[in-house]
Each structure stands twice: as structure tokens, then as C-alpha cells.
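To keep things clear, I will list the structure first and then write my remarks on it.
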Amino acid sequence: MKETNFHAPVTSIVVAGGGAAGWLTAAILASEHNVRHNDYVTVTLVESPDVRILGVGEGTWPTMRDTLRKIGIDERTLLLACDASFKQGTRFVNWKTATSSNVYDHPFSLPAGFFEGSVGAWWLSQTDHSQSPAFSNWFSTQTSLCDAAKAPKQLQTPPYAAVANYGYHLDAHKFAELLKTHCIKNLGVNYISDHIEHVEEDTDGFITELRCKSHDVHGDLFIDCTGFSATLIGKHFNSPMTDVSGSLKNDSAIAVQAAYVNEEVDIASATISTAHKNGWVWDIGLPHRKGVGCVYSSEFANDDTAIETLKQYLHSCPKTQAVSESDFRKITFSPGYRKAAWVKNCVAIGTSAGFVEPLEASALVMVEMSARFLSEHLPNHRVLMPAVSKSFNRSFSRRWERIHDFLKLHYVLSDRQDSPYWRFMTDLDHASEQLNDWLLQWQFRPVSMSDFCFADELFPAASYMYVLYGMKAPEQFAINLSRYSDSTLSRVQRAVNENEKLSQKHLAMLPTNRELINTIRASSFS
């Protein structure tokens with residue numbers, strides 16, 4: 001066992017684990033630090049051939065466009081290699097009540113007039129909402145675009161540019177393979193295919209090497225991307241998980257890939273999230289198939305109930321072919337996160353750091369944010385490690401708390417009481433003090449940007465508006481509208497009028513998801 005040299009330079013970065021989290025982290029570090037063209041920093045990724053990639057995260061946020069551009073992957077390459085399509089947000093079905101069909105959207109675009117006046121006050125000032133559009137229809141073109149399965153851009157729109165803000169739906173396994181190829185061929189990442197058997201540390205508990213079946217991998221900084229197994233941060237360092245199952249009960253999913261009935265059906269422009277008696281179903285449209293999964297809590301439903309729910313959902317979908325139950329795959333997780341995701345010289349990124357549940361697809365964006373933070377604050381010397389790690393842990397503990405609050409928001413706003421599951425999930429006693437405080441205040445005033453004190457909020461005020469005002473009717477609030485001047489409300493009215501015109505323009509000019517992807521494929525192979 002070696003002694004620690006706290007003044008030693010940090011030049012060798014080792015990523016333990018592949019998948020989208022490992023390869024995306026390696027790509028961000030290697031590209032930002034120009035690993036291929038310098039001799040100072042090296043990035044090595046160790047991936048076990050014995051471990052299957054989870055491959056569930058098939059949705060990204062718009063941030064992924066800038067990440068891919070920076071690491072040097074062409075958008076057409078992404079679309080073709082990863083069987084990808086365009087995502088403009090999330091559509092929630094039957095989350096309000098269980099007795100009638102109800103829908104609301106959380107689009108990726110900011111509400112029209114967001115910086116010009118109080119969009120919440122204007123919406124709440126409209127006296128007759130019985131026949132009026134939903135909140136997102138008033139303030140975003142993307143609800144109309146998703147209704148028509150429209151793409152967010154035209155063929156001539158430059159790569160990664162947008163007419164309407166967008167992320168991607170993609171095949172997670174193919175995405176990991178694309179990143180792997182790009183890292184090795186273009187970014188100078190060293191690759192070792194081997195299974196980690198033992199972790200060596202020095203006298204102060206810092207990792208010095210990973211002993212694998214056929215290799216000893218030395219390093220100065222180790223990144224744990226080994227997923228739920230958390231080989232370094234969990235099994236070696238025993239960094240505890242903060243359990244959130246007392247508030248968010250989902251811990252299981254039954255997932256399947258369902259082929260389309262033909263190659264002409266519409267590709268959905270949003271992730272479809274449909275509530276059921278014991279949880280919800282995700283529905284993600286790719287060009288050649290859909291990824292569908294039934295999310296549930298093992299405390300309130302067994303596997304057979306979840307499988308039957310998934311079967312019923314698939315049977316009701318006219319877009320997909322019949323699926324064999326043998327193709328169903330069960331996924332289990334413990335909802336929670338590590339407050340100490342960075343211990344000594346080990347940083348956990350991805351599901352090794354935490355996972356709450358699939359709702360709102362925060363998994364890949366947390367990988368992006370973690371890798372970017374690490375890249376920007378990469379310690380040059382070991383002596384800097386404690387200060388950087390404390391900053392990282394503070395920052396990401398706060399982000400996990402915000403994820404927890406925002407996901408819980410979707411449940412506590414529901415009026416569903418049709419099962420023990422929903423009676424638990426809607427109970428505000430199981431929500432955080434912060435969320436309870438916000439909801440109390442928002443009864444009497446609109447959501448405000450000043451509610452959120454951090455510049456890099458994971459879910460900004462606009463996201464809370466889309467969910468709160470998508471789930472609740474104006475008459476359920478008690479807003480003092482005399483606080484808002486006529487000029488403030490009229491500015492929002494003009495923005496609403498412009499949004500209506502823009503919606504019609506976008507509907508007329510934009511192709512469908514299917515049309516754009518087919519054209520891109522044809523032009524790429526011609």
C-alpha cells in the first residue's frame with residue numbers, strides 16, 4: 001500500500017464502466033481537454049464484457065444537442081446510427097383524474113411572453129376556461145406540433161439548430177456504441193475490455209489502481225459509471241444512498257420494444273406518459289419501433305399486475321405489432337441518490353450516483369451536467385481534490401433535491417384516488433417542506449422566477465408552470481389580480497396572439513417526424 005502524495009499532478013483519468021454514462025463522460029472530458037493532441041491528460045475507460053448495459057434512457061433533453069456538437073458528433077450521424085427521432089417534450093395522459101381522458105404537455109420551449117410579463121397571472125385572469133385551450137396551447141407552439149407529430153425543424157435547418165426546441169428519442173444501446181466508436185477513433189480515449197475484480201488504495205484511502213482479470217489499471221482520478229452496481233463508490237467506499245422511497249414509491253418497471261405495424265405510422269414528437277392505477281407507462285417513439293415500459297411500485301403491485309397493465313396498453317395501441325411476453329424485461333431500482341457522490345479521488349456519475357425514477361428523463365442530463373462540472377473543475381493536483389469534491393457534492397445534492405421535488409409535483413397535483421398507490425402518492429405529507437411551501441404560496445400568486453435562486457436550475461420556473469397549470473384549473477387558485485397592471489397583462493396577451501400565429505405557421509411549414517427522418521435517411525444514402 002502506497003503513501004499518498006498530495007502534491008502529485010492529476011493526469012490519468014480512469015472511467016470505470018461503459019454504457020451511455022461512461023462513454024458520454026469520457027467523450028466530454030477527452031474533447032474538452034484535447035486528450036488526443038496533448039500528453040498531459042489521459043482518459044482510459046474500463047468496460048466489463050460480462051456486464052450487460054441497462055439501456056433504458058431513451059430520452060434526452062435539448063442540452064444534448066450542444067453536448068454532441070462540442071464532442072464532435074454530426075447530427076445526421078446521430079440520427080442514423082442511433083435510430084433516433086426528435087423529442088419536443090413530455091405529454092401526460094390521465095394524470096389529472098382516472099375517470100375521464102385528460103392530457104397536458106410539458107414542452108421544451110419557454111412560454112411565450114415569459115420575460116415580458118406574468119404569464120401565470122394572465123392565464124389565471126381568463127374567466128372562462130371551460131372551452132379554452134390548455135396552458136401549453138396558449139403559450140407554446142409545441143402542443144400543436146406534437147398533436148400533428150411534427151418535426152421541430154426543416155431539412156434545410158442547420159445541424160443542431162431548431163425552429164422549435166428539441167431533444168432526442170434514441171436507442172440507448174446504439175447511442176453507447178456510437179459514443180464508444182467516437183471516443184476511441186476520434187477523441188483519443190484508451191479502451192480496456194476487462195472485468196474489475198479488486199480496487200487498490202493507498203494509505204489515505206485514495207484509489208491507486210483497478211485490478212482486473214487481465215489488466216492492472218492505474219490512475220489519479222477514477223469515475224464510477226458502473227451503474228446500479230456502483231462498484232467503486234458503493235461497494236468500495238460505502239458511500240450511503242439517500243433513500244427517497246418514503247416519498248416516491250416507484251421501484252420497478254417492465255419494459256419492451258414494440259415494432260410498428262408498418263413504416264408509415266406517425267412517430268410521436270413527445271414522450272407519452274400515461275398514468276395507470278399503480279403507476280404510469282412510458283411510450284417513446286423511434287423510427288423503427290417504440291420503447292414502452294410500465295413503471296410501478298412493488299409495494300402496491302406485483303409483477304403479474306404490471307405485465308397485465310403493459311399488455312393492455314400495447315393492445316390498445318394501433319401503431320404497434322403484437323409483442324410476446326417473453327420479450328418483456330424487468331428493471332428494478334432503489335429510488336435515491338448519494339449526497340457524497342465524490343469520495344477521495346472517486347466520482348460517481350450516472351446511476352451509480354443516483355436514480356429517482358424515469359419520469360421526465362433526468363438520467364442523461366445529470367450525466368451531462370456531472371461530466372461538464374468535472375471537466376470545468378478538473379483538479380490539476382491531488383491537493384485540490386477535497387475542495388473540488390465538496391463543491392461537487394453540494395451542487396449535485398441540491399440538484400437531486402430539485403429532481404425529487406419536481407417529480408413529486410406531478411403526483412401531488414393529481415386528483416386520482418382510485419387506488420392505495422395514488423392515495424399515497426398524492427398525499428402532501430410525503431412531499432418535502434420546500435414543495436409544500438411553494439404549493440401554498442402558488443395558491444395565492446403565480447409561479448415566479450424568483451422562487452428559484454440558482455442560475456442553473458435543472459427544472460426552471462417554466463417547467464413548474466407547465467405542470468402546475470397543466471394539472472390544475474384557474475378556479476382552484478386565489479390570485480389577487482389587482483396586483484398586475486393592465487400593461488403587464490396586455491404584453492402577455494400580445495405574446496399569446498403571436499404564439500397562435502406562430503403555431504399556424506409552424507404547422508404549415510414543418511414536416512412530420514417521419515417525413516424529415518425519411519428525407520434525411522434518403523439524402524444520406526443517395
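Computed from heavy atoms alone, side chains included, the values below leave out hydrogens, waters and symmetry copies.
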Between [Y] and [X], is there a side-chain donor-acceptor contact under 3.5 Å, judged purely by atom types and distance?
| X | Y | answer |
| --- | --- | --- |
| E200 | H198 | yes |
| H236 | E201 | yes |
| D327 | S324 | no |
| S432 | D405 | yes |
| E368 | T63 | yes |
| D283 | Y313 | yes |
| R399 | S395 | yes |
| T274 | N94 | no |
| S12 | H218 | no |
| R398 | N393 | no |
| N380 | Y40 | no |

Can you establish whether the number of heavy atoms outside [X] located under 6.0 Å from its atom [atom1] is more than 12?
| X | atom1 | answer |
| --- | --- | --- |
| H288 | NE2 | yes |
| N38 | CG | yes |
| K319 | NZ | yes |

Which class fits the ring pair [X] and [Y]: parallel under 30°, tilted 30 to 60°, perpendicular over 60°?
| X | Y | result |
| --- | --- | --- |
| F92 | W95 | perpendicular |
| Y337 | W400 | parallel |
| F86 | Y168 | tilted |
| H430 | F424 | parallel |
| F392 | W342 | perpendicular |
| F355 | F333 | perpendicular |

side-chain contact (heavy atoms from CB on, under 4.5 Å) evaluation trace for K330 with D303: CA-CA 9 Å; K330 183 179 179 181; D303 295 351; 3.0 Å; yes
Mind checking whether [X] and [Y] have side chains closer than 4.5 Å, heavy atoms only?
| X | Y | result |
| --- | --- | --- |
| D429 | N436 | no |
| L458 | I403 | yes |
| Y421 | S297 | yes |
| V15 | T44 | no |
| T42 | V14 | no |
| Y466 | S109 | yes |
| V295 | P358 | yes |
| M369 | R372 | yes |

Looking only at heavy atoms, what is the nearest atom pair of [X] and [Y], with distance?
| X | Y | value |
| --- | --- | --- |
| C317 | K290 | SG-NZ, 2.9 Å |
| R382 | P386 | O-CD, 3.8 Å |
| P379 | V10 | O-CB, 3.3 Å |
| G227 | T351 | CA-OG1, 3.0 Å |
| L232 | L210 | CD2-CD2, 3.8 Å |
| W23 | L45 | CZ2-CD2, 3.5 Å |

Ignoring hydrogens and geometry, is there a side-chain-to-backbone donor-acceptor pair from [X] to [Y] under 3.5 Å?
| X | Y | result |
| --- | --- | --- |
| S419 | W422 | yes |
| K408 | T426 | no |
| H33 | V35 | no |
| H182 | I71 | yes |
| S389 | M385 | yes |
| S85 | G285 | yes |
| E75 | Y160 | yes |
| N513 | I267 | yes |

F108/W61 aromatic ring centres below 6.0 Å: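 Judged by ring-centre distance (under 6.0 Å), F108 and W61 do not meet the cut-off.
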Trace of the side-chain contact (heavy atoms from CB on, under 4.5 Å) decision for R65 with Y166: CA-CA 8 Å; R65 287 164 32 217; Y166 69 92; 3.3 Å; yes
Steps toward side-chain contact (heavy atoms from CB on, under 4.5 Å) verdict (H404, L409): CA-CA 9 Å; H404 182 198; L409 178 74; over 6 Å; no
R514 to Y260, cation-pi by 6.0 Å centre distance and 45° axis angle: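 Relative to the ring axis of Y260, which defines the angle, R514 lies inside both limits.
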Stacked cation flag R91 on Y104, 6.0 angstrom / 45 deg: no
Worked check of salt bridge (Lys or Arg N to Asp or Glu O under 4.0 Å) between D427 and R423: CA-CA 6 Å; D427 189 344; R423 288 192 286 275; over 6 Å; no
Test side-chain contact (heavy atoms from CB on, under 4.5 Å) applied to R394 and K339, step by step: CA-CA 8 Å; R394 282 195 303 267; K339 290 184 177 180; over 6 Å; no
Qualifying residue, where the test is side-chain contact (heavy atoms from CB on, under 4.5 Å) with L359 and the options are W280, W282, F406: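 The side-chain contact (heavy atoms from CB on, under 4.5 Å) with L359 is passed solely by W280 among W280, W282, F406.
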Pairs touching residues 230-251 that satisfy salt bridge (Lys or Arg N to Asp or Glu O under 4.0 Å), sequence neighbours left out: K249-E299
